Amino acid sequence: MSSISDDVHSDNQHSDDHHHAPAGIKRWLFTTNHKDIGTLYLWFAFIMFLIGGAMAMVIRAELFQPGLQIVDPNFFNQMTTVHGLIMVFGAVMPAFTGLANWMVPMMIGAPDMALPRMNNWSFWILPFAFLILLSSLFLEGGGPNFGWTFYAPLSTTYSNDSTGLFVFSVHIMGISSIMGAINVIVTIFNMRAPGMTLMKMPLFVWTWLITAFLLIAVMPVLAGAVTMVLTDKFFGTSFFDAAGGGDPVMFQHIFWFFGHPEVYIMILPAFGIISQIVPTFSRKPLFGYASMVYATASIALLSFIVWAHHMFTTGMPLFGELFFMIATMLISVPTGVKVFNWVATMWRGSLSFEMPMMFALAFIVLFTIGGFSGLMLAITPVDFQYHDTYFVVAHFHYVLVTGAIFSIMAAVYYWLPKWTGKMYDISLAKWHFWCSLISVNVLFFPMHFVGLAGMPRRIPDYALQFADFNKWISIGGFAFGLSQLIFLALLIKACRKQGEAVDARVWDGAKGLEWEVPSPAPYHTFETPPEVK
Amino acid sequence: MQPEEQSKGQRPPQSAKPNNAKLVGKLVVVVFGMFGFGFALVPLYDVFCDITGINGKTNDTAATYTNVEIDQSREVVVEFITRTNKQIPWEFEPVIKRMVVHPGEMYQADFVLRNSESRDVIAQAVPSVSPGQAALYLNKTECFCFEQQPLVAGQRVVMPMRFYVDPDLPKDIEVFTLNYTLYDVTGTTTGSTQMGQK
């Protein structure tokens, strides 16, 4: 393998000589290079993470005490809505697309993404989508305030005119992620190095391939749903209006037909990342590679038949409740296979606890907590108590913050030295990890209790008995928000190329093609495909 | 397609171009297909609900009453409730709130609607039955909800609804409730009866 890395190295020296990328802003505007676009996606996602986080700070400041203190209820509702939209479509999804752009070509031995010009488009329409969404907050009457799920009739009959901007921004986000997904699929199918068979692909590539199929299957359904909201609101159709023969409950069916696969879009790449990191720092190959692939595929397939578990309280017949309850619980089987395989990979491995491994371990424990509260929510009879309470908020923040976001942080700590060629500031990273880990649990764990006690979500005020827990939740929230500034400082330092130089492999247990190229990864890699044995 | 590619082994990446166009084409078809599927869910939903009756919608065109056997031994309670959407200041009340009926026998229930505003309006009543399964067995031969009701300012109308309960109504349903929600469709209406078209 070392001969490959030498070849690659000399090859890149050669191409760098006669390749003159435009400098300054034009480099980034016109770039078709998968590494540049990956970097753009990741920075964009991080900026969105901070903006969405600032909105969460407004929410937590208002909920610090009972009563209305800081913002009026309409603005509070706009904050919960836009916080959700930004975190889902602006932070988690672009961060995963950025990681796919950076890593998928390097992991399968391809010189770039298959469709580099489309890649440029799929990134550069994204800032405009969020500019439109954020600017709607400054309109008269404010931005969207109907929750990120935009249930009709809240988004049709009762919304204001900024709904049009909301709809178009969601359209653009959808087009962006569909183009990104098509690019990933074509790259993986057509650009693999000779000998890189499907069942030799690293798991991050596998999980992204399956995620990409989920994206092209459900993002168009979301586009359809927002289009129906648009025509119902502005053009007199009655898809969701009972007066004209429509049905508002149908909105929920269409939305969650998109929405449930969407939550797996946000967690499957995370499974891939953890499956890369755990073997590296256990110095053992991944336990049960094939079962990991099949488990991912079965989670993806099952995600299409469980959507109505979000709607148990809409008055479903008993058969429907039983079907969706059992189908939902079935998903815990392949998910359990994954958690088991990660633990089995660590079993009798020679573990070391570098930063990526710390985040991966936190992911495994905390994601599993989120998975268990998900199982509780799947039980129809008790869901009537949990529905629309803070228990649900606790559940999806455990799987999305300590799940998806922690995995993204783990991925950044894992691959950042490969990107910059320098080891990041490890003591800052440790501060970031421990501050985040403690504060995130102070933030989200008490939400289980207030939720079980009946505190409803999306309400700016609450009954007095929830006051103490909410104070703790808010303190945890502010601490978690501040902890991310440590991460920002670390990233700025890393991008200025401060720190110790690292070798090509970076981590002594790391396996895979991305570790064969030098650090920092040259602008062009694998122009001659490597031979995979 | 994959086993083929694996057996080929050597594949220079530059020759992958035409392949890309073909695969992109297929994926774009999937994307547009799923966009269409999102809209296809709308009629699918209606058909599914018509067959199973799970959303409590009653028949929206007149049923016929011929040769229905009357089950004198069984009594079913039918309750009527009404409400107006968004606090429209109209008076909308059932004349009788509760009826004890024999399955198979024809009954009439009257509803009173008065437009207490000083403008002409068009109203649309939308029925809903709870428990939803009973909707399949409530057959209406005549209903004001089949069409929109134009009312001049201050007009009061008595609107009849004639129905019978199918004798096949499951035994465990002893009481069911028919709700009418009244919507103001003045201005938003396209003139004809949207309920009838559906």
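Every value quoted in this text rests on a predicted model; they were computed, and no experiment measured them. Note on naming: letters A, B, ... go to the chains in the order of the sequence lines (proteins, then strands), and numbering restarts at 1 for each one. All heavy atoms count here, side chains included; hydrogens, waters and symmetry mates do not.
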Keeping [X] on the side-chain end and [Y] on the backbone end, is there a donor-acceptor pair under 3.5 Å?
| X | Y | value |
| --- | --- | --- |
| A:Asn119 | A:Leu115 | no |
| B:Gln149 | B:Glu147 | yes |
| B:Gln155 | B:Val152 | yes |
| A:Lys35 | A:Pro522 | yes |
| A:Asn33 | A:Tyr523 | yes |

Heavy-atom proximity to chain B below 4.5 Å, by part of [X]:
| X | answer |
| --- | --- |
| A:Ala225 | neither |
| A:Thr157 | side chain |
| A:Phe213 | side chain |
| A:Ile182 | both |
| A:Tyr158 | side chain |

Between B:Asp184 and B:Arg119, does any side-chain N to carboxylate O distance fall below 4.0 Å? yes
Pick one: which of A:Phe166, A:Phe255, A:Tyr151 meets ring-ring contact (aromatic ring centres under 6.0 Å, His included) with A:Phe146? A:Phe166
Choice from [options] maximising heavy atom contacts with chain B below 4.5 Å:
| options | result |
| --- | --- |
| A:Val186, A:Val221, A:Thr314, A:Thr227 | A:Val186 |
| A:Ile185, A:Ile254, A:Asp247, A:Val249 | A:Asp247 |
| A:Ala181, A:Ala217, A:Gly315, A:Gly320 | A:Ala217 |

Name the region of B:Tyr45, side chain, backbone, both or neither, that has any atom closer than 4.5 Å to a heavy atom of chain A. side chain
